Every structure is written in C-alpha cells, then in structure tokens.
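Heads up: the structure comes next, in structure tokens.
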Protein chains: 2
Amino acid sequence: MVKVKKARIQDVALEAGVSMMTVSRVLNQDPKVSDSTRSKVLAVAEQLQYRPNESARRLASNKSYLIGLLYDNPSDAYISQFLLSALKSCRTKGFHLVVDEADKNIEKTLQSVKDLINETKVDGMILLPPVCEQKEIIDCLQDANVPFVRVAPDSQLTISPYICMDDYQAAFDLTEMLIKQGHNKIGHIIGDANQGVSRLRYQGYLDALRSNKINTPPEYIEQGCFTYQSGMIAAKKMLALKDKPSAIFAANDDMAAAVISIAQNQGINVPNDLSVVGFDDTTLATVVWPNITTVRQPIDEMAKLAVSLFTTNKVKDFTDLKSNQLRNILDFKIIQRESSKPIE
Amino acid sequence: MVKVKKARIQDVALEAGVSMMTVSRVLNQDPKVSDSTRSKVLAVAEQLQYRPNESARRLASNKSYLIGLLYDNPSDAYISQFLLSALKSCRTKGFHLVVDEADKNIEKTLQSVKDLINETKVDGMILLPPVCEQKEIIDCLQDANVPFVRVAPDSQLTISPYICMDDYQAAFDLTEMLIKQGHNKIGHIIGDANQGVSRLRYQGYLDALRSNKINTPPEYIEQGCFTYQSGMIAAKKMLALKDKPSAIFAANDDMAAAVISIAQNQGINVPNDLSVVGFDDTTLATVVWPNITTVRQPIDEMAKLAVSLFTTNKVKDFTDLKSNQLRNILDFKIIQRESSKPIE
DNA sequence: CTGAAAGCGCTTACAG
DNA sequence: CTGAAAGCGCTTACAG
C-alpha cells in the first residue's frame, strides 16, 4: 500500500501563508477571522485533504469529543435504530459515542454515570426513555455541569432540551384516518400505564372520536402494557364482543401484531373483516403478515438531532437556551400498509 | 462539584520512585520489567486511581485504539445485540468502535472501508455476515495490512481468524431433541439459499433423522429464505398435507413465528397439535405467543471475543496465527419454550 | 483580526 | 531491566 502522508495543521498553515493558530481558528469556526483569510485557509485545507487529528485535538483542548448515551432496555428495536443513527452522526463529526446501559438498581446506574463523567469525561449525555425521567440521574448531571438531552421524555424541564414527536397528534391523525375510511367502531388498546406516551396516544384517539361525534362503548377500550401478550389478552376480549369493532388501534406495533394473530386465529380476516393499526413502525411492523399500518417515529432524525446539539458549537451550555430552543418536536408520518383498509 | 485532579503517569512515576517509561512499560504489559518494580508500580497506580489518558496515548503511539465494525442489514436484531455487546467490551478496554454500514453498491462500501483505514486509522476491523464473504473487502483489508476478524463466515480463510457457532451441531441436537420427545414426523424449512448457515442447519437436521433411522417424505422439506413471509408460504404447504408433520423445525425464528401464525389460523394448536422450533433466539422468539423453542446464538460472547482479539496485545499481527488460533467456535444452547412439547 | 510560545500526557527510539 | 530526551498534532493563554 502506498502510504500518503497525512496533512497536518502546520502544512495547511505553511501553504496558506498564515499561522497554525489561524488555521485552527478557521477550523473551529471562530468568527474572529477575516473572510478572505478564512476562504484561503478553507481552500488549502480542501486541496490538501486535511483532516484534524482527533487525538491531538482532544489532548490539547481537554475536551473529550465523546458523547454518552444512556439507555434502558436493550431488546427494543427502537434503541438499536437510535444507536445506529447516533453512531453514524458522531462519526461524521469526529465524535465518539460511549454507550451505557442503565441498571435496574438506580445506585449502580448513578455510579456508572459518574464514571462516565469523571473518567471518560463525556462532553454531554443523551438520555433515552425512560431513564430520561430519573430524577437522581438528572440531578447528578446537573451537579456535574454536564449538558444533556432527553429523548421522548414524559415531563418537561427548563434546564435541558428535549426531542420528541407529537404522540397526541399522531394518534389523533391515525384515528381520524380510520374514521375517514368509514370506520366508526374503533377499539383502542392503551400502552403501558407508566409511560407518558400511552396517555398521549389514548387522548389523541379519544379526541379524534369526539371531534367526529362518535360514541364508543367502554368495551372498546382495553388497558395493555406494550407487550405482545398484553395485546393478545386485550384482543381476545374485544373480539369476543357481540358487536365487534371494525378497527383496532393498538398503542404500539407489538400489540397490533398480537391483535392480528388473534383475529386470524378466530377466522377474522385482516384487513377485510378487521382493520388493525399500530404505532412506532418498528421492524415487527413489516415482519408479520399482513404488514402493519402504523405511525413512523422519526428515530433516525431524533438521534441525529441529539448528537448535533453537542457537536455544533452554537450552544456551549444548555443553561442559556431559550424555551423555544428547548423544544424539538419532529414530524411523524402515517404509514399505510396491508393491515387496514376502508370500509366497503 | 469538587474536581479531583486526575493522576498522570508522571505522578505515578514520582510516587513509585521510577521513571515515566517504566510506568508506561508496566501499563502496556511489557515483559521486560522486573517483578518487584512491576508490583510496586501497579500498587501505586491503583492507589492513585490512575487511568491513562487515551488521547495522549493515541497521539504519541500513532495507534488509534479504534476498531471498525462493518455490518450489512440494520434491521436485524442480531446486529444490534452484537453491537451493544461490542460497544460494552470496547468501553472497558479504552477502545472505541467505529460503525459503518455496508452499501448495496460494493464500490461505495469499498470506499467507505478505505476511509476507515486511511482517515480513521482503525487498528482492526470486525466483519459481520454476510459482508465477511466479500472478496473485494477482504482483499482491500489485506492490502492495507489491517487485521480483521470475520463473524459467522461461510468460508474459511487462513489469513484471518473467525468466530462462529456450530450451526450443524445445533441443528442436529435440536432435531434429536424433537425425536427424543417422540416426534418422528418432523418438517424443516430451509433458510436463505445464499447463506452457508442454511446449508449447515439443513444438514444437521438430515443427519439427526438419518442417525435415528427416520424416513422423511420430501414434502416435509421446504425452501424458505429466512423471512416471515417465506415461512408462511412453506407452512401453508406443509400444513395442507394429509399426513401432517407433528413438528416443524424452521431455520430461523422469523420463519418459526410464521409457522405458528399459520397453524393457529388453521385451528392447529401449538404446541398440542404441532411443535414448532426456530433458530437464533432473537427478540421475536419471546415476543410471539407461544414463545419459541429455539437455539441461542452466543452473540454477546462472539462480540466480546471479536473485540478482545484486537485489544489484547497477544497477537500484533494475525498473519502469525496458527490454524488452531484462527478457529473460535463458541457454544450454543437450546432454549426450550412453549412452542414445542413431547408427543403424549 | 493574527501570531509565537508553551504545554496537553503519553510513547518511540535511542542509550546504557 | 531502566531512563533522559524528543516529539506526536493540536489548543490555550497571552500578546499585539
């Protein structure tokens, strides 16, 4: 292999006829550089294919260029998608991700977070749900003055930005879509009672019915807990009713998949006799048959945004963020697939 | 927050009454240090809670302490589990993982790998299946003299170690388990024809039947391609037979889940009327009901081992590995769940 | 807006 | 088996 010597900051400086400091300033987007100097440096850097040496930068600046990511449940497709996207974002910006799993024992998790701060010296932390609700962890980060972002949190904080989608609106839209397709007997399986999104999705469902003046018997609403099994139990009850719903909106894909399975088991054709819709657009939605109509969470974008909050130097410290900068609500999308169809 | 000043190599050297170099040698497991010096340094390092500064080490040594990971299909539960485990291993050893997704276009992937080598300067690469079969990539790594490990490869190479489980034996054992439970009408759905593991699992199934002197009609064997849908098609055919199998062994969990769904759809009770077993123990295995009896791949251990091949200094270069060091076959485990049971 | 000097905390290469 | 010197490629802090 022919080894091409990598250009150093010195090489760029020499070639551009400026000092190393000036090059460094340009690269770090310091505004105090004249435009002419800036463009010259940029041109030379481009020409020499200069890439800063990350280790030297880290060592000299005493910044880690490391972002911590704390997650809860490793079996969730959500996590892996978020992770993959975050990893990709980090890579393009010269950062690395230090991933840590929260322990059931909050004390252990806390210790782990402290290690992340003291030893690894992360520049910031990304908190996934539901760890992002843990008061102890939030306090710890705040005490240590480590900026953090919370993803899909249940509660809002004024000290830290959060990233989420509008679960309420998505549930509203999804329900209204069913209504527009002629369904007026729509059941709902509520998600885990301990998660804020369950409440929001349920409320969106209710309000869509209300604004379309549709009355729904209480038997059409069942409490689930986001698991396949809880979906089966709920589906069995709902499909045993004399007056069955023509559509069931399950608060996530796992429960929707369970509904489909139970329906098929009872000889109820999906989607001809029963429309089923889910939420999240996890891999499960396209792995079962018929594929599930669902709401796509913008997970990739969420991860990208979370990372960029740390990698862009715009905001050194989250404490000076204005309230409108704290909110980052991303767009969702309803994905129509084969598990639902209009009433004929 | 009280800032505790981190100990540097200098501090350890001073306290231990040796030079920085000696401390460095001890830390890097250089054998040319007397035992007494070594233990003294180690004791001081421990007492001072010394942690080497990774950036300084990287800069001075011109080693990246970075491991590249190239994967194919992001939707696979397998990938995320591997990733999480590898990430964890890296963290405890002061390494970082640079994750890259292979492109459909081999040229693009190749370029990406070259960037990984030249810009990021990874110390080594982990190749997941099926990218680990790509000759172009293997050649590229070899030319660049970058050591790499292949995970669950189809073919064997003498130039690079590989990590896998014994798919043949696992399939054999799983089939034999069904036989011992009284099943002698056992169907099999073969996996993707392009993947070596499909062949191995199929062969294990066949040999278990053979060694138990069980004849099987050709209708009991269907070609699938590891997808849920292919499993449905195969299951429909097999369950439409007059003389149905009492057990079906699908070559992965997705297809097993499909078999369960079809069976239930036809009023065939799983496991009372039909035992179904899968392979891999992905999340799907416990998400559907009944939970799937399957073979657990030791994914976490595979990832850990892959990382450790680069982090332990035992082998600087994989070219001097002996053939028995190339093979790393890890243990699998059969997980009995509710989708299968003995014949009564 | 720009630059010369010092230093970040390690390791390499050379001595002995 | 051990050590003194030089340097890795950046940035910080100070000048001007």
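Computed over heavy atoms, backbone and side chain alike; hydrogens, waters and symmetry mates excluded. We name chains A, B, ... by the order of the sequence lines, and we start the count at 1 in each one. Source: prediction; values computed, not measured.
Nearest-nucleotide positions on DNA chain C place Ser34(A) closer to the 5' end than the other of Ser34(A) and Ser55(B). Closest-nucleotide positions on DNA chain D for Pro31(B) and Leu59(B) were compared, and the one nearer the 5' end corresponds to Pro31(B).
Qualifying side-chain hydrogen bond (donor to acceptor under 3.5 Å, both in side chains) partners for Thr92(B), counting only residues two or more places apart in sequence or in other chains: none. The salt bridge (charged side-chain N to carboxylate O under 4.0 Å, His left out) check on Arg57(B) picks up nothing, with sequence neighbours excluded. Taking the salt bridge (charged side-chain N to carboxylate O under 4.0 Å, His left out) definition, one finds that Asp139(B) meets it with Lys135(B), sequence neighbours left out. Partners of Ser89(A) under the side-chain hydrogen bond (donor to acceptor under 3.5 Å, both in side chains) rule, at least two apart in sequence or in another chain, do not exist in this structure. Judged as a salt bridge (charged side-chain N to carboxylate O under 4.0 Å, His left out), and not counting sequence neighbours, the contacts of Glu301(A) are Arg296(A). In this view, Asp331(A) satisfies the side-chain contact (heavy atoms from CB on, under 4.5 Å) rule with no residue, not counting sequence neighbours. Shown here are the side-chain hydrogen bond (donor to acceptor under 3.5 Å, both in side chains) partners of Asn62(A), two or more places apart in sequence or in another chain: there are none.
Listed by residue number, Met20(B), Met21(B), Ser24(B) are the residues of residues 13-27 of chain B with a heavy-atom contact under 4.0 Å to DNA chain C.
For residues 87-113 of chain B, the pairs satisfying ring-ring contact (aromatic ring centres under 6.0 Å, His included) are His96(A)-His96(B), Tyr65(B)-Phe95(B), with sequence neighbours left out.
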Less than 3.5 Å apart, which donor and acceptor atoms pair up between the side chains of residues 43-53 of chain B and the rest of the protein, not counting sequence neighbours?
residue	atom	partner	partner atom	Å
Asn53(B)	OD1	Ser55(B)	N	2.8
Asn53(B)	OD1	Ala56(B)	N	3.0

Each base of DNA chain D marked ( ) or [ ] if paired in-strand (Watson-Crick or G-U under 3.5 Å), | if paired to another strand and . if unpaired gives |||.||||||||.|||
**OP:** Show your working on side-chain hydrogen bond (donor to acceptor under 3.5 Å, both in side chains) between Ser34(B) and Thr37(B) and close with a plain yes or no.
**Re:** CA-CA 5 Å; Ser34(B) 73; Thr37(B) 313; 2.5 Å; yes
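Mapping heavy-atom proximity under 4.0 Å, the span of DNA chain C touched by chain A runs 5' to 3' from dC1(C) to dG9(C).
Using a 4.0 Å heavy-atom cutoff across all strands shown, Asn53(A) reaches sugar-phosphate atoms only and no base atom.
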